[in-house]
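None of these values were measured; they are calculated from a predicted model.
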Amino acid sequence: MIVGQLFLEFALLSFVAFGGATALLPEMHRVVVENHHWLDDTTFTHLYAIAQAAPGPNVLVVTLIGWEVAGPAGALATTLAMCLPMSVLIYLLIDRWESFAGQRWQRAVSLGVAPLAVGLIFSGATLIAQAAGLGWAGVGLVLATVAVSLRSKIHPLWLIAGGALLGLAGLV
C-alpha cells in the first residue's frame with residue numbers, strides 16, 4: 001500500500017520537476033514529512049546530505065527517501081515515479097514541441113522555465129538551511145561560500161573542506 005502511495009506522490013511531483021529533484025525539495029518535504037509523516041525533518045535533511053555527498057544525479061535523494069520509507073521496493077517506486085512519467089511524456093511530445101519552434105508562446109515558455117527552476121532551487125536551499133538549524137556563523141559561511149563561488153574559480157571541494165574544518169573547530 002505505501003509503495004503505491006510513494007509512486008503516486010512522486011509521479012505527480014515529476015511533472016513539476018523543473019530544475020531537477022533539488023528544485024522539488026520543499027514539495028517533497030511537504031509530502032513526505034508534513035502530509036504523510038513518513039520521515040521527520042532530521043531524517044529528510046540527512047538523506048538530502050547523503051545524496052549530495054554521493055556521486056551521481058541529484059535524483060538520488062528520491063531513491064533514498066523511498067528506501068527509508070519502504071525499503072528496496074520504495075526506492076524502486078520513487079525512482080521510477082520521478083523519472084518515468086515525464087520521460088514518456090517528453091518522448092511523446094518532443095516532435096510536436098519542435099514543430100512550434102520560433103513561435104512566440106514557445107519562446108515565452110522556454111524563457112519562463114529558467115527563472116522558475118532558479119526559484120525552486122533557492123526554495124529548496126532555504127528549506128535545507130532551516131532544517132539544518134544554521135546559526136549566524138552558518139549563515140555567514142553560506143554567504144561567504146556564495147561570494148567566493150561567484151567571484152573566483154576555486155574548486156568547490158576546497159570550499160567543502162574549509163566548511164568541514166570550520167565545523168570540526170566548532171566555529172560553525
Side-chain angles (χ1 to χ4, degrees), residues 1-97 109-110 112-135 138-139 141-142 145-146 149 156-157 159-161 163-164 167-168 172:
M1 181 76 172
I2 197 167
V3 173
Q5 285 181 299
L6 280 167
F7 185 87
L8 179 62
E9 292 287 2
F10 280 85
L12 292 172
L13 287 173
S14 76
F15 288 104
V16 292
F18 298 103
T22 303
L24 290 177
L25 281 178
E27 191 59 19
M28 279 192 272
H29 182 272
R30 187 186 66 75
V31 167
V32 173
V33 176
E34 296 171 17
N35 288 0
H36 292 287
H37 307 287
W38 289 327
L39 301 175
D40 59 26
D41 280 325
T42 303
T43 304
F44 185 87
T45 304
H46 287 167
L47 293 176
Y48 177 72
I50 291 167
Q52 291 303 297
N58 285 339
V59 77
L60 181 58
V61 69
V62 170
T63 306
L64 292 175
I65 289 170
W67 184 280
E68 186 69 23
V69 172
L76 182 62
T78 54
T79 305
L80 283 176
M82 185 57 73
C83 300
L84 192 61
M86 276 307 287
S87 296
V88 170
L89 184 64
I90 295 299
Y91 176 78
L92 295 173
L93 295 179
I94 193 68
D95 289 336
R96 290 290 291 153
W97 180 256
V109 168
S110 296
V113 169
L116 173 68
V118 170
L120 289 170
I121 291 170
F122 180 75
S123 178
T126 303
L127 174 83
I128 294 300
Q130 289 171 342
L134 295 181
V139 171
L141 179 58
V142 168
T145 302
V146 169
S149 294
L157 286 176
L159 299 173
I160 292 169
L168 285 171
V172 181

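Proximity of Val16 to Glu27: side-chain heavy atoms (C-beta onward) are nowhere separated by under 4.5 Å. Side chains of Phe7 and Thr78 form no contact here, defined as non-hydrogen atoms less than 4.5 Å apart. Side chains of Val33 and Asp40 form no contact here, defined as non-hydrogen atoms less than 4.5 Å apart. The closest side-chain heavy-atom distance from His29 to Asp41 is below 4.5 Å. With contacts defined as side-chain heavy-atom distances shorter than 4.5 Å, the pair Leu6/His36 does not qualify. You'll find the side chain of Gln52 reaches within 4.5 Å of the side chain of Asn58, heavy atoms only. Residues Tyr48 and Ile65 fail the side-chain proximity criterion, which asks for heavy atoms closer than 4.5 Å.
With Leu47 as the fixed residue, the side chain to side chain contact (heavy atoms under 4.5 Å, CB included) test singles out one of Thr42, Leu39, Thr63: Leu39.
Here the CG atom belonging to Leu25 is positioned 4.5 Å from the CE atom belonging to Met28, to the nearest 0.5 angstrom. Summarising the geometry, atom OG belonging to Ser14 is positioned 11.0 Å from atom CG belonging to Leu80; distances are rounded to the nearest 0.5 Å. Gln5 CD to Phe10 CZ: the interatomic distance, rounded to the nearest 0.5 Å, is 12.0 Å. Between the OG1 atom in Thr43 and the CG atom in Leu64 there is a gap of 12.0 Å [rounded to 0.5 Å]. Atom CG of Leu24 and atom CG of Leu13 lie 5.5 Å apart (nearest 0.5 Å).
Taking the ring pair (Phe, Tyr, Trp, His ring centres under 6.0 Å) definition, one finds that Trp67 meets it with nothing, sequence neighbours left out. Qualifying salt bridge (Lys or Arg N to Asp or Glu O under 4.0 Å) partners for Glu68, counting only residues two or more places apart in sequence or in other chains: none.
No more than 12 heavy atoms of other residues, nucleotides or ligands sit less than 6.0 Å from atom OH of Tyr91.
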Would you mind writing out the side-chain donor-acceptor pairs for residues 115-128 within the sub-3.5 Å range, not counting sequence neighbours?
residue	atom	partner	partner atom	Å
Thr126	OG1	Phe122	O	2.9

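Nearest approach of Val62 to Thr79, heavy atoms of both residues: CG1-N, 4.1 Å. The two residues Leu60 and Pro55 make their nearest non-hydrogen contact at CD2-O, 4.4 Å. Ala23 and Pro26 make their closest contact through O-CD, 3.8 Å (heavy atoms, listed as atom of the first residue, atom of the second, distance).
Looking at Glu9 and Asn35, their side chains never bring a donor and an acceptor atom within 3.5 Å of each other.
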